[in-house]
Every structure is written in C-alpha cells, then in structure tokens.
Participant: 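Pasting a structure below so you can have a look.
So that the names make sense, note that chain A is the first sequence line, chain B the second, and so on, each numbered from 1. These figures come from a predicted structure and were not determined experimentally.
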There are 2 protein chains.
Amino acid sequence: MKSAIPETGVPITQPAAGNGSDRQEASLHGEVLLRLRDYVVEGNIPEGARVPERQLCEMLGISRTPLREALKVLAAEGLIELLPNRGARVRQLSQRDLEELFDVMAGLESLAGRLACELITDEEIAAIERLHYEMYGHYLHRDMHGYFQINQQIHESIVAAARNETLKTTYANFAGRIRRVRYSANFARKRQRWGEAMREHEAILDALRRRAASELSDILFQHLRNKRSAAIDHLAEGQDTGLETTPQGD
Amino acid sequence: MKSAIPETGVPITQPAAGNGSDRQEASLHGEVLLRLRDYVVEGNIPEGARVPERQLCEMLGISRTPLREALKVLAAEGLIELLPNRGARVRQLSQRDLEELFDVMAGLESLAGRLACELITDEEIAAIERLHYEMYGHYLHRDMHGYFQINQQIHESIVAAARNETLKTTYANFAGRIRRVRYSANFARKRQRWGEAMREHEAILDALRRRAASELSDILFQHLRNKRSAAIDHLAEGQDTGLETTPQGD
DNA sequence: AATACAAATAATGAATGCAAAATAGCTTCT
DNA sequence: AGAAGCTATTTTGCATTCATTATTTGTATT
C-alpha cells in the first residue's frame, strides 16, 4: 500500500514570502511547522495513521532535520504522538480525551468571559450583538454552516475581548486539536439542542452587557459543556467509522 | 566572558534509567528535553541570557541535533525564544506577560475547582483538609517555606481531583513558566495578605465540602487574582535586580 | 583617541551520512 | 497450507558536515 496522504505537495520555495496570512516565521523549520500543523489539523492524514518522514520531506522539498524538529513540536502540542523508533502518528483521540479537551476549552472560554467583563468596550459588545443577530438569521433559515461560522466568530470575539494573548494562543491550540470533531459535532446538533444554544447565547450577551463576570463565566462553561455532550454523543453513535466521514469543506 | 551557565554537567549515560521521577521518555531527545526543561525552570540560566548550544551539548554529552529539537519544543512551550540566526534565549517575561500568565493559571485552577466538585470523594476532601490544617500550623509559626510547600500541594490536589489529565498537563506547563516568580512572590507576601490568603483557603475548603462548583470557581479565581497582585507588586518593587535574587533553594 | 571599516572567528541553520531498529519478504519446516 | 525463522529493505535516531549569518578582533583613517 502506498500511503493515505494526498499529494498536496507544494515545495517551500520562498521562505516567508507573502503567502496569504502574515505568519512571521522566517526560518525553514518555522515554515515547515506552520504548514505541517495546518496539514494535520485540516485532516489530511487519517487519525492513527503514520506520518511518513520521507514522503513529507519530498512534499515540502526539505531535508529531514527541519521536518523532525517540527514533528517534535507538534507532538508537544498534542497533535501527533511519537512512538520510539516507530515514527510519528496522528494522535487518535479517545472519547475520554475529547471530554477532557472540551472541558478545558470550556474553562478557557469561561475565563475569557470573566476577563472580558473587566475591559470590554460598548463597541465590542455592539459588534458581538451584530454577530448574534446575524447568527439568529442563520438559525431561522436553518443554515447550519452559516450559523457555525458566526458562532465561532462570537466565541473568538469574547476571547479577544479578554485582552490576554497567552489565553488566546492557548485557546487556539486546543481549538486546533478538536477542530475536526467540533465541526462534526455541530452538524450533529439536534434541532432541540440548537434552540437551547440560541437561548444560551442570548444569556451570554445579556451577562456581557451587564459585565456580570461570575455569571458569564458560569453560562459560558455550561454552554460549552452542553456542546461537549452533543459532540460526545454524536461520536459514540458513529464510533465505527470514526472521524473519517468528517466533512472537511472548511 | 565565558558564560553565565554553571557547570552542572552530568552527561546522559543511561537513557531513562531510574533517575528519580519516573519520566517515561526513552529516546535521547526526550531525555534532553526533560533535563533542559528542568535546567531552565530551575533558573540555572539568567533571564534573557543566551542558551549556548555548544556548551549544552558538551554538558549533556550529545550532538546538536537532539539538543536543537529540544530547544524547539521549549520555545513552543514558551520557556525560551528563538531569534532567527541568533540562537535561543531564556524568555524574559514582561510585567504584562506575568499578568497574563497568572490570569490563565487562575482560570485553570478555577476550572479545576469546578470540575473537582463533580467527582471528588470525601476521602480526597479529608486529605485536603489535613493539608489545610498542616498549612495553618505553618502559618501560626510564621514558617513561610513550609506554608508555601503545603499551599502548592493543596492547589495540586484540587487540580488532581478534577480528573482531567489534559488540564493537569496544561497547568503544569504554566506553573513551570512562572515558577521562579511565584516562589519569589510568596516570599513577598505581606503579613496582612497572608491572613487573607488563609481565609480564602478556608472558603475554598468550605465550597469544596458543599460541592458548590460555581462558587468554588469564583473563589479560586479571586484567590489567584490576589496572588497575582502580590507578585506583580513585588516585582515592580525589585524591578532593577530582576529575578536574579530569587531564592532557588528548591 | 575614537570611529569606521574589514578580515577572522565562531555560531547558527539545514543537509547528508551512518548505525541501530523495525518492517517486509522470503524460505523452510511441520 | 500455515506457521516459524531468517535475510533484505526500509525507516528511524543521532552524529557529522557544509554553507550562511552573526560576532569579534584587528587595522586604518580622521
């Protein structure tokens, strides 16, 4: 058998030349790290599958040294795991792993809400309100995809309003780990749960307007907890196929 | 000038032989990573100072390849930073960085408390109570060091009671980043603040006994927030000397 | 004497090379 | 035919080497 990795190979020719998002890294290993991380997060390699060094080197047009450095970092981030003398594999998340990840995400968002209450401006709240109503529109039209997009933006806005770069980075890290599952989980959302989620979002907005830190913290945690349940349930159902059926549109 | 790094060099002769704590890593790079992390966390290299590859290679008795892999990981963890073509430096934390780190730690402990309320056993609570009274004894005897030790144990017990390995790992990561400062901050604790901290701990224990998740979450966050203030104030005072005077007993 | 310039030296970043381990393939034996 | 054992190939882990960039040292000039 060849390998399950699609050949999206675009060699790194111009290190850190204006390639879309302005991620800083000028060094080769930095470039490799960013590209590999995306590559894995986007689900280009099946869960549990080997991450073949040689093939990736060819794909990226580099030697093994910077690639291996990047792999070590990805392993530290929890995206892959390194088996001694047996190479790297895409980390397979057990149900328990997912529960833990969702809970930590819930804790981080809960913290973000708490901190946001301290310094958030009326303008920022207004912007979130606009997003909220936009999302409500998608809800009414039963447009799951649009809803999901705005939903993400709202949560990211709250994290941004916390004015804590460390928190933001950590949040992004965990978000990457569960991205595929999360997407899948949102599609699994039952109609009833969807309505609940909308109500929770209204409560979030309300608490935010009143800068009620503790209260917002509680609501956000519960909100994420409920998402967790939906996601876990969904996965438990489709356990056999695992994540391979996860939509990867974007 | 030679270098500011003390020669604690003990070459890695027996990879993962029973060297105290049972840290798994069998590979060389893993060994190096663990040792280097401790080396940096324990403050053997002054803040902002270069991390000389060659010297560390000699000290550890390895080549540059595994060392550089470890450096990449430490950079990802936030302990050091890599300047392009200019090597690694021990990350110097600005006051803002510290504020952010303390807040994230506060959020994580707050989360830990919330989760702990769900499944903590009476035995675990009893164990924390014992620690609490032991700590109270240190408080009465004005034994700052003993107090600090037990204090750490209590917070770690709460994190452990959350039954979330991901959280535990993340918590440990952040704890490592601010370890030196934290130690210093505890010594800076004024008598009045010390009394407050004891009362807060009593409230923590009370909420834990009642499994009052939201309440415990709030108390823990506030508790850590107050620690943050003490630490930041302390650092602001001794800004000139920086952290070099930090006691490093253990 | 101080500054600017230039060569020498050392450090970094990445590629290559080599030994050990794992996997695959083949043969042999029951 | 199937299992067990042995060899060949591949892959991994680390050391070494090479090119490039920074830093230091020395020299000349104002």
Participant: Nearest-nucleotide wise, let me know which of R89(A) and P66(A) is further upstream toward the 5' end of DNA chain C.
Facilitator: P66(A)
Participant: Salt bridge between E42(B) and R179(B), side-chain N to carboxylate O under 4.0 Å?
Facilitator: no
Participant: Using whole Å, what does the distance between atom P of nucleotide dA15(C) and atom CD of E69(B) come to?
Facilitator: 14 Å
Participant: Identify whether NZ of Lys or CZ of Arg in R114(B) sits under 6.0 Å from the centre of the six-membered ring of F221(A) and within 45° of that ring's axis.
Facilitator: yes
Participant: In whole angstroms, how far is the P atom of dT16(C) from the CD atom of E58(A)?
Facilitator: 13 Å
Participant: Which atom pairs link the protein and nucleotides 7-12 of chain D when you take only N or O atoms and keep those under 3.5 Å?
Facilitator:
residue	atom	partner	partner atom	Å
dT11(D)	O3'	R50(A)	NH2	3.4
dT12(D)	OP1	R50(A)	NH2	3.4

Participant: Report the distance from atom CG of L60(B) to atom P of dA15(D), rounded to the nearest whole Å.
Facilitator: 11 Å
Participant: Answer yes if the side chains of N173(A) and T170(A) hold a donor-acceptor pair under 3.5 Å, and no otherwise.
Facilitator: no
Participant: In whole angstrom, what separates L82(B)'s CG from dA14(C)'s P?
Facilitator: 11 Å
Participant: What is the separation between atom CG on L28(A) and atom C1' on dT20(D), rounded to the nearest whole Å?
Facilitator: 13 Å
Participant: Is the base of dA15(C) touched by the side chain of T65(A) through a donor-acceptor pair closer than 3.5 angstrom?
Facilitator: yes
Participant: So does E165(B) get a backbone contact from the side chain of E100(A), meaning a donor-acceptor N/O pair under 3.5 Å?
Facilitator: yes
Participant: Using a strict cut-off of less than 4.0 Å between a Lys/Arg side-chain nitrogen and an Asp/Glu carboxylate oxygen, indicate whether E53(A) and R64(A) qualify as a salt bridge.
Facilitator: yes
Participant: May I ask you to decide whether E77(A) forms a salt bridge with K72(A), counting only side-chain N to carboxylate O separations under 4.0 Å?
Facilitator: no
Participant: What is the distance, to the nearest angstrom, from the CG atom on L67(B) to the P atom on dG13(C)?
Facilitator: 11 Å
Participant: Rounded to whole Å, please give me the gap between CG in L33(A) and P in dG13(C).
Facilitator: 14 Å
